[in-house]
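Report on the following structure.
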Amino acid sequence: MSWSRIQISLEVLALSAVIFALSIQGPWWILVLPVFGYGILKGQNQRALLIGFGAAVLAWIASAFLEDLASGFRISKRIAGVGHLRWGIFAYLLIGLLVGLLGLLAASTGASLRAILESRGWVRRHRASGDARAD
Amino acid sequence: MSAVVRFSEVRNHYVRFILSLVAVTALIGVFDHAFEPLPAFGKLLSPFRGLWRHEPSLYESGRSSETLSLPGLNRPVVVQVDSDQIKHVFAENDADLYFAQGWINASERLWAMEFLARVAAGRISEIVGSRGLAFDEMFLRMGLGEAARESAELMVNDSMVGPILKSYIKGVNAYIASLEPARLPFEYKLFAVRPEPWTAEKTALIQKFMSYNLSGFSADLALSRSRSKLTKPEFDELFPIEQSHPEPVIPKATAWPFGSRPPTGPNKEFLPEARSLMGAAPPMTPNPANGSNNWAVSGKKSTTGLPILSNDIHLGLSLPSLWYEMQLMSPSQNVYGVSLPGAPGIVLGFNAKVAWAVTNGGTDVLDWYQMRYRDQKRTEYLFEGLWRPVVSRDTSIRVRGRAAVPLTLRKTHLGPIVFDDQESVPSRRIPRQLAMRWTGLEPSIEIKAFLLLNRARSVADCRQAIENYNNPAQNFLFAGNDGTIGIWHMGRFPLRWKGQGSTISDGSHTTYEWKDWIPRNEVPSIKNPARGYLSSANQHPTDDTYPHYLGWWFESPFRGIRINELLREKQRFSPEDFVKMQMDTTSVHARTLVPILAKAMSGAKGLSAHETEALEALRKWDFKFGEESVAATIFHAWWGRIERRMWGKRFPDSTDYLYPRPWSTLTLITDKPGSRWFDNPETEPRESFTELVLPTFKEAIDEVSSRFGTRNVEKWKWAHFHPTEFDHLSKIPGLGSGEIQAPGVDWTLFANQGKHGPVWKMVVALGPKPRAWSLYPGGQSGDPTSRHYDDFLEPWRAGRMKEVSFLRGKGDLGTRHLQTLRFEAGTSK
C-alpha cells in the first residue's frame, strides 16, 4: 500500500474517531462539524471530500455494526423490514447513503470556505490544495 | 493572473460554498424533521440514539446476578430467571410482589401495554397519525374509555383489588421513570414518543379491550340480511335457534334444578327496515373464531391418580404475544401461569392446589337496536310511544401532524350509537345509526376473579372467585388436587326470550330490552361428572333442555367432538398424552365429509391426470391437517367451493350475509342429500348434492393448481397453501415473523388458521408437587431485536411444550437457572 493510501486511511480513521466521540452526546447531525472543520483544514480537493465521506460513513456504519453484532444482526433485519426492504444489508446502505452524502457536503462546504479565505489572502494557500496555483 | 480570472475564481468559490452550505443545511433540515406520517429519519437512523442503539435487557446481560435499587419497594424481592426467560418472583408481601410484577411486565412489554390501552381508549391517532382515525372513532363511539373509567373507579375502591392495583401501577411507573432514551423500546423510538405514566384506567382499558376481543363480535346484522332473503320456515331451517349438537359443553341429559322463566317476547317477528341493514365498514372486528380448547380428566381417568387439566387459547397470532409467563410467590400465594401485561396477577395458570383453564363462552351479550328517530337531526328517538332525547357529547380525536378531528358521541338509554356517519359506504358488518347494548360496557371488576383464583385452595374457592366475573362469557374449567373437576359457563347473561337479539332488535319497544339476568347459580355447570372428564371448545354450552336461552352463535362442535372422542379412547391419560392431544390435527369435519364426497365422485368421468391424482390423495387421506398433507389442501379448497356453490346464489356476499353455520351445512349433506338447498335456483332440472360434487371438485383443483401448477401435485402441501404468519401487535411491517410453516386448521385441536391460533398452551398434572407444561408463540421479550422476541415460535410450530419449573420457595432452578435478580428498596431521586 502506498504512503498516500496509508495517509488517507489514517485520516479517515482519525476523523471518524472524532465523529464517533462527538456523536455519543451530540445531535445526530453533529458529524458535519468535524468534517466541515476538516474541509477547512485541508482545502478544496477530491481527497478532502473522499475523507469526509469515508469518515462519516465509517463512524456510523461501524457504530451500527457493533450494535447490530450485539443483537445477533436482528437490528438491521428489523430496520430493513420496517422500511419494506428485504435484507438487513439494505439498512446499512440506507444509513451509509444518508451520512455519506452529509459528510461529502460538509467537507465540500469546509473546503469551499477555505478556498474563499485563501483567495482573500486571509489564510496561506494550502500546498496540497488542488486549486493551488502559482501567482 | 488577470483580475477578471481572479474575480471569476473567487466567485466560483463563493457559489460552491453557498451551494454546499445550503445543501448540507437543507439535508439536516429534511432529515431532522418528521413529515407525518414519516418519522424524522436522521435521529431515527442514527446508530448513537435511534433504532440502531441497542441496550440489551437486564435479563440478557449475561451476568448471573444483579441487584437493583427500586424506589417504592418496601422489602427486598428476589427474581429467579430461568433459561426460558421465565421470571419467578419471590416477595415478602403482596405489595412488593405486585410492584415487582408491574416493573417486570413493563420492562418487557411496555409498548404492547400502552398500545392496547390506547386502542381501547381511541387514542392511537396521537401516535400513528390519521391512519388511526377509523379505529379511534369506532372505540370512542363504542364508549370503551368511559366504561374503563367507571371500572377503574370500582377497582381502586375495592378493598382487595385497590391496594394490589396501586402496587402494580407503582412498579410500572418506577420502570418508566428509570427509562433513559437509549433504552426506550424499539416502537417508541420508531414513532418518536415517550411512554405515558401507567394508571388504573389503563389497566381497565386493557380489560375492556379483551372483553371486546372475545365478546364484541356480532352476527346480528349479517343474520338480519340473510333473514331478508328467506321466508320464515326457510330461515328457521337454515339458522335454527335451537341447535342439536352432539357434544355440548355440559354433557347431554344433565338435570337442571330450576325452571324456565323467559321474559315475554313479541307477538310478531320484528323485521328491521332496509336502512338498518346498511352498514358501516369497521376498521376491525373481533375474529369470530376467538376461542379455545380446555379439558380435564378426574383421577380415575389419569395415570397420576389426580386430575390433569389442559388449556389452549386461540386468538390472533401476534408478536409480541398478549401473554407473559411468570411465577408469583408471596405469603398469600404461589401461582404460575401467564399474566396479561398491564394487569396484576396471573390470568391463566395453576397453584399447588388448583389449576384453571378457560374457553370463550359465546353466549350472546351484545344486541343491536334499530332506533326510530324523530327527524334527520336524530336528536330524539321513540320509545314506548314517547320521544326521548339522544344524549350527545362533543369530543375530538387528537391526530399527530394535523388538527384534532371533532366528534359527536351519541347515546340512547339502550346504549351508544356506534356508527353514526350518514355518509358511510352502505355495506359491511356493523350496522349504522343503531344503538348497541353490550355487557362489556358495564363497569366491572373481572380482575378480582383472577386474583382470587391465584389464591384459591379448592375448586369451591374457584367457584366463589368467579362470582366476580362478568364479561366475556367464559367456560371456566377447574381441577383441584382433592380430585374435583368442574366447569362453569360463567358471565353476566341477560335473561332472554328464545331468539331474542339474534337479529337486529326493535329499539322502540320495551319487549326487546334486557330486563333481568340469569342468576349466577343457574349458569350451565357441572362438577365431577360420572364419565370422569370435562371439556369445552366454544360449542353450544348445553343441550336443548337447559331452561334459559343463551344465544345462537356458537362454534361448530368439531373440536368438541374430537376432544371427547379422544378422551373416551383410553382408560387413563398421562400429561404427555394431553401435550400430544394439543397438537392433534385430525379434522372431524373432513372425516365426516370426505367419504361422502369420494363416493359421489366414484365413476366420475373426464378427470385430468392431476385431478385423478388429487382425488387419489384425498381417498388415502388420514384426515390430518399436517404441514405436508396435499389432501388437506384439496379438501379445504373443495369445502370452500361447496359452501359458495350452495349459498353464494342466495346470499350475494359471504361478508355481508351470513351463510348457514358449517355444522348446519354438513348436517344437510349427511342427512338430507336431496334437499332443495343443493339446487342452483337459476338452472333446471333440480339438482341434488351429488350433482354439486364434480363441478366443485374441478373448481377447487383449478384454484389450487392456479397457485402451485399441475406438474407436481406433491407441491400442494397444506403449509404452502395455508401459511402461518405472526403480525406485529401494532401491525408495524417488518416486526412480525414472516411466513412460517405450521400444521392445523380452525376446526382441528391445533386450531391454526394462519393468522389466528393457539396463543397459550398449558397442561397441569395436579398432585403433591404439581407438574406442568406450557408454551406460547412469540417469546418473553417484547423487543423485536431480542432473540427472546420469537424464540418460542419453533417449539410452537413443532408442538414441543416445555415442562415448567414451579418453584416451592426461593430454591435454585438447578441447571435451568440463568440469573438471580435482587430488587432492593431504593430511595427516590
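Chain A is the first sequence line, chain B the second, and so forth, proteins listed ahead of strands; every chain is numbered from 1.
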Largest heavy-atom contact set with chain B, pairs under 4.5 Å, which of A/Ile79, A/Leu104, A/Leu31: A/Ile79
Is [X] in contact with chain B via its backbone, its side chain, both, or neither, using a 4.5 Å heavy-atom distance?
X       : answer
A/Phe73 : neither
A/Val32 : side chain
A/Ala62 : neither
A/Ile95 : side chain
A/Leu94 : side chain

Given a strict heavy-atom distance threshold of 4.5 Å, which part of [X] is in contact with chain A: side chain, backbone, both, or neither?
X        : value
B/Ser786 : backbone
B/Asp783 : neither
B/Pro56  : neither
B/Leu190 : side chain
B/Arg49  : side chain
B/Leu45  : both

Testing the 3.5 Å rule here: is there a donor-acceptor pair between the side chains of [X] and [Y]?
X        : Y        : value
B/His720 : B/Gln741 : yes
A/Ser76  : A/Asp68  : yes
B/Trp111 : B/Ser730 : yes

Over 12 foreign heavy atoms within 6.0 Å of CZ, B/Arg194: yes
NZ/B/Lys189: more than 12 non-hydrogen atoms of other groups inside 6.0 Å: yes
Of the listed residues ([options]), which shares the most heavy-atom pairs with chain A below a 4.5 Å separation?
options                    : value
B/Val15, B/Ile28, B/Ile18  : B/Ile28
B/Asp32, B/Leu21, B/Ile732 : B/Asp32
B/Phe17, B/Phe41, B/Phe186 : B/Phe17

Within 45° cone of B/Tyr59 ring axis and under 6.0 Å: B/Lys87 NZ or CZ: yes
Ring center gap for [X] and [Y] short of 6.0 angstrom:
X        : Y        : answer
B/Phe31  : B/His33  : no
B/Trp52  : A/Phe65  : no
B/Tyr776 : B/Tyr324 : no

Straight-line distance of B/Gln819 CD to B/Ser65 OG, nearest 0.5 Å: 8.0 Å
